Structure formats: structure tokens, C-alpha cells
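First the structure, in the form of C-alpha cells, and then the observations on it.
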Amino acid sequence: VLGEDCLWRREPLPDHVLAALTRAFVLPASAEKEAVHVSLTVTVHRDTVGGRRDMAVSLEEALRCPEQRLNATQRVRELYSQASAFGDQRNAVAEDDLTESGEWLVDGERTARPFDWFKLRVGPVTVAATARYGAGRTAEEQAAVVTDVLKGVGFVAAAVDRRGSLDGADGKADGDE
């Protein structure tokens with residue numbers, strides 16, 4: 001949860017969230033290239049309205065906190081956000097999608113590195129991923145990571161959508177067509 005002080009912290013799940021699961025992945029450092037850190041979080045809200053609110057709050061956080069402290073030694077800044085609804089046809093599965101890019105900084109290091117964040121919503125479920133790039137990665141390597149992260153988020157969102165269809169849901173929620 002992003003606090004009023006713009007510091008991210010872990011807190012118990014709010015009442016409107018049924019479950020959340022985060023997994024971290026690392027593309028290891030090699031030669032003169034530092035590691036790439038990726039995280040993926042799936043959150044299940046009580047209802048679609050809860051998922052929509054989560055997406056809206058996520059979009060507002062970059063405006064409220066243009067610089068955010070991730071932990072005691074890392075922060076992101078100069079965040080640029082873009083939101084698209086299902087009707088915008090930017091993706092084939094999610095009702096909403098957010099993309100955010102900026103800079104990732106580690107205290108004591110002089111160079112900022114790229115930071116990307118992606119979030120999709122399918123009904124009451126949100127799927128989010130971040131990518132923090134280590135120094136020494138080329139633009140092509142960063143683009144490959146972005147492609148892989150977007151594929152992963154898309155695969156998870158498609159699985160959620162497919163599961164909803166199997167459970168008798170008709171796919172998109174009312175008002176999300």
C-alpha cells in the first residue's frame with residue numbers, strides 16, 4: 001500500500017480484497033550487466049467495482065506521489081501513466097489496462113535506471129507486474145524484458161478470463177463491453 005508519505009509498505013489485506021499473491025523473478029546478472037527484477041501480483045477483489053477502484057487508485061498514485069519510495073534504499077520517480085479501457089481495443093482480454101514508466105533509483109548509485117509497471121483488470125481480478133532493469137542492459141534487452149513481462153501479464157489475465165467463462169461468467173462485467 002502506498003502511504004500518504006509516498007512510501008510503499010506491506011499491510012494486511014483490506015476487507016474489499018479476498019486474496020493477493022505476489023511472485024518475484026530475477027534475470028540474473030551476467031558479465032557487465034546487473035540483474036533485472038520482475039514481480040507479478042494477482043489480486044482478487046470482492047466484486048468488479050472493487051477491481052475498478054483499485055485501477056483508479058493506481059492511476060491516481062502517480063499523480064499524488066510522483067516520487068515513490070519502494071523501501072529503505074530504492075525509489076521510483078518521473079512516472080508517466082497511461083490508461084486504456086476495453087473499448088480502446090489496446091488489448092483483447094482485460095477491461096482496463098494501465099501502463100507506467102519512469103526511473104528506478106538506488107541510494108548511493110549515481111545512475112537512474114528504467115522502471116516499467118503494467119496492470120490489467122478482468123472483472124474483480126487485477127494482474128500487475130513491475131520490471132526494474134539493472135545497469136548495462138541495452139535498449140533491445142530492455143524491450144525483450146518488456147515483451148516477456150507483457151506476455152506473462154496477458155497470459156495470467158487470459159487464464160482469469162477463461163476461468164471466469166468456465167465458471168459460468170459471461171466474460172466482461174456489466175458496463176465493460
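The chain is numbered in sequence order, starting from 1. It should be emphasised that the depicted structure is a prediction, and the values quoted were computed from it without experimental measurement.
The closest side-chain donor-acceptor pair between S39 and T22, if any, does not fall under 3.5 angstrom. One side chain, R132 or Q74, offers a donor N or O that lies under 3.5 Å from an acceptor on the other.
Salt bridge absent: K119 and E100 never bring a charged side-chain N and a carboxylate O closer than 4.0 Å. Here R75 pairs with D107 in a salt bridge; the nearest charged N to carboxylate O distance falls below 4.0 Å.
Applying the 6.0 Å contact sphere to CG of D5 captures more than 12 heavy atoms from other residues, nucleotides or ligands. For R46, the CZ atom is densely surrounded, since the number of other residues' heavy atoms within 6.0 Å is greater than 12. Counted within 6.0 Å of CD on E32, heavy atoms from surrounding residues, nucleotides or ligands total 12 or fewer; the atom is thus considered open. Counting heavy atoms of neighbouring residues, nucleotides and ligands inside a 6.0 Å radius, atom CZ of R9 exceeds 12 of them.
Partners of E109 under the side chain to side chain donor-acceptor pair (under 3.5 Å) rule, at least two apart in sequence or in another chain, are R113. Scored by the side chain to side chain donor-acceptor pair (under 3.5 Å) test, Q142 finds no partners at all (sequence neighbours excluded).
A distance of 10.5 Å separates CG in D96 from OG in S58, rounded to the nearest 0.5 Å. Here the CD atom belonging to E4 is positioned 7.5 Å from the SG atom belonging to C65, to the nearest 0.5 angstrom. Note: T130 OG1 to D116 CG = 9.5 Å, rounded to the nearest 0.5 Å.
Both L120 and V38 are part of a single hydrophobic cluster, where members link through side-chain heavy atoms under 4.5 Å apart. In the hydrophobic cluster analysis, where Ile, Leu, Val, Met, Phe, Trp and Tyr join through side-chain heavy atoms closer than 4.5 angstrom, F155 is grouped apart from L40. Note: the hydrophobic cluster containing L13 does not contain V44 (ILVMFWY, side chain heavy atoms under 4.5 Å, direct or indirect links). V76 is connected to L59 through a chain of hydrophobic side-chain contacts under 4.5 Å among Ile, Leu, Val, Met, Phe, Trp and Tyr, so both are in one cluster. Residues L18 and V125 share a hydrophobic cluster, clusters being chains of Ile/Leu/Val/Met/Phe/Trp/Tyr side chains in contact below 4.5 Å.
Ring planes of H37 and W104: perpendicular class, angle over 60° (limits at 30 and 60°).
Q68 contributes no side-chain N or O that, together with a main-chain N or O of R77, makes up a donor-acceptor pair within less than 3.5 Å.
Grouping Ile, Leu, Val, Met, Phe, Trp and Tyr by side-chain contacts under 4.5 Å, direct or through others, leaves L7 on its own.
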Practice task
Walk me through it: do F118 and L98 pass the test side chain to side chain contact (heavy atoms under 4.5 Å, CB included)?
Solution key: CA-CA 6 Å; F118 309 97; L98 301 176; over 6 Å; no

